[in-house]
Amino acid sequence: MATQPVRGMGSFFKAGPAPARTVAATRTPFATATRQVGRSAGRQCEETGYSTQQTALDRLTKVYEEKRSTPRAQAELKRELRKQRFGQYAATWLTRQRHYAPGSTRSVTQVLNGQILPVLESRRMNTFTATVVDDFIMSMEERSVGLAAQQNAFDTLKKILLDARRRGGIPENPFDGVVPPEYVPREITIPTLDEIHALKAVSSSGLRIIIDLMPGSGLRAP
């Protein structure tokens with residue numbers, strides 16, 4: 001295991017007033033960061049949150065080896081993806097979902113426009129972390145978004161971000177440790193035929209029409 005950075009890898013150092021907190025700094029344009037400075041190529045980026053010098057050095061080594069082993073064209077593509085705003089990436093992602101039926105495309109567009117883009121549209125892809133995803137879930141809770149809508153938004157966001165992760169646009173898994181919203185539908189009780197007849201016997205004419213229409217429409221009464 002390496003104990004010192006090699007030439008060109010970067011450096012680590014103590015950060016802030018907390019003596020146990022260290023920082024990994026590297027001259028790579030695509031380092032992940034909880035605090036990132038200067039994302040353009042050739043400028044230094046900083047990452048905070050490492051509890052020991054060894055964990056900071058391990059991170060430097062990983063980024064350095066990735067940089068050395070990645071072909072130039074592939075590295076350029078990754079840099080371009082990581083600089084994209086979420087709204088731009090989501091639009092191109094949806095265009096690539098050629099297997100979606102028109103109804104599915106409309107549903108995803110509604111979820112994007114209603115829940116996701118107002119919060120995340122301008123965020124750069126390389127800044128997505130588990131903390132960002134958690135904050136997004138909490139923002140939906142604060143806006144009193146229903147659990148079913150929360151789950152739809154989370155599932156859509158997950159598809160987009162994992163696609164970006166697979167293509168190299170996000171360095172680390174942004175769903176690591178994230179607890180997703182869980183929608184549990186209410187239990188559905190299907191009335192028996194005798195119960196339906198008994199209900200119709202005491203119902204108004206308008207309700208009887210609805211009762212007759214529901215089975216033909218495939219609807220079930222809760």
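Computed from a predicted model, the values in this text were never measured in an experiment.
- Considering CZ of Arg79 and CG of Asn126, their distance stands at 12.0 Å, rounded to 0.5 Å.
- With rounding to the nearest 0.5 angstrom, the CG atom of Leu120 is 7.0 Å from the OG atom of Ser139.
- Panel note: side chain Thr127, backbone Arg123; no donor-acceptor pair is recorded below 3.5 Å.
- Judged by distance alone, the side chain of Gln115 and the main-chain N or O of Gln150 form no donor-acceptor pair under 3.5 Å.
- Counting only heavy atoms from C-beta outward, the side chains of Leu161 and Asn173 never approach each other to under 4.5 Å.
- To the nearest 0.5 Å, atoms CE (Met138) and CZ (Arg143) are separated by 12.5 Å.
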Which atom pairs, donor and acceptor, lie under 3.5 Å between side-chain atoms of residues 162-169 and protein residues at least two apart or in another chain?
from, atom 1, to, atom 2, distance (Å)
Asp163, OD1, Arg166, NH2, 2.8
Asp163, OD2, Tyr89, OH, 2.5
Asp163, OD2, Arg96, NH1, 3.4
Asp163, OD2, Arg96, NH2, 2.9
Arg165, NH1, Ile170, O, 3.4
Arg165, NH1, Pro171, O, 2.6
Arg167, NE, Tyr89, OH, 3.3

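- Nearest heavy-atom pair, Thr95 versus Ala91, reported as atom, atom and distance to 0.1 Å: OG1-O, 3.0 Å.
- Partners of Gln97 under the side chain to side chain contact (heavy atoms under 4.5 Å, CB included) rule, at least two apart in sequence or in another chain, are Trp93, His99, Tyr100.
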Check: residues 106-114 side-chain donor-acceptor pairs under 3.5 Å, at least two apart:
from, atom 1, to, atom 2, distance (Å)
Ser107, OG, Gly103, O, 3.0
Thr109, OG1, Thr105, O, 2.8
Asn113, ND2, Thr109, O, 3.3

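- Listed for the Arg82 side chain is no donor-acceptor partner under 3.5 Å among the backbone atoms of Met125.
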Would Phe175 and Phe128 count as a ring pair (Phe, Tyr, Trp, His ring centres under 6.0 Å) if you check the C-alpha gap in whole Å, the side-chain angles of each, and the deciding distance to 0.1 Å? CA-CA 9 Å; Phe175 295 92; Phe128 277 93; 9.0 Å; no
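- The salt bridge (Lys or Arg N to Asp or Glu O under 4.0 Å) contacts involving residues 145-159 comprise nothing, where partners must be two or more places apart or lie in separate chains.
- Between the CG atom in Leu117 and the CZ atom in Phe86 there is a gap of 6.0 Å [rounded to 0.5 Å].
- The two residues Ile116 and Ala153 make their nearest non-hydrogen contact at CD1-O, 3.5 Å.
- Across all their heavy atoms, Pro181 and Ile137 have their closest contact at CD-CD1, 3.9 Å.
- Taking OG1 of Thr192 as the start and NE2 of His197 as the end, the distance is 9.0 Å to the nearest 0.5 Å.
- Applying the salt bridge (Lys or Arg N to Asp or Glu O under 4.0 Å) rule to pairs touching residues 189-200 yields Lys200-Asp212, sequence neighbours excluded.
- Within the 3.5 Å criterion, the main-chain N or O of Lys83 finds a donor-acceptor partner in the side chain of Arg124.
- Judged as a ring-ring contact (aromatic ring centres under 6.0 Å, His included), not a single pair has a partner in residues 132-151 (not counting sequence neighbours).
- At a threshold of 4.5 Å between non-hydrogen side-chain atoms, the residues Thr129 and Pro174 do not count as touching.
- With values rounded to the nearest 0.5 angstrom, Leu207 atom CG is found 5.5 Å from Leu199 atom CG.
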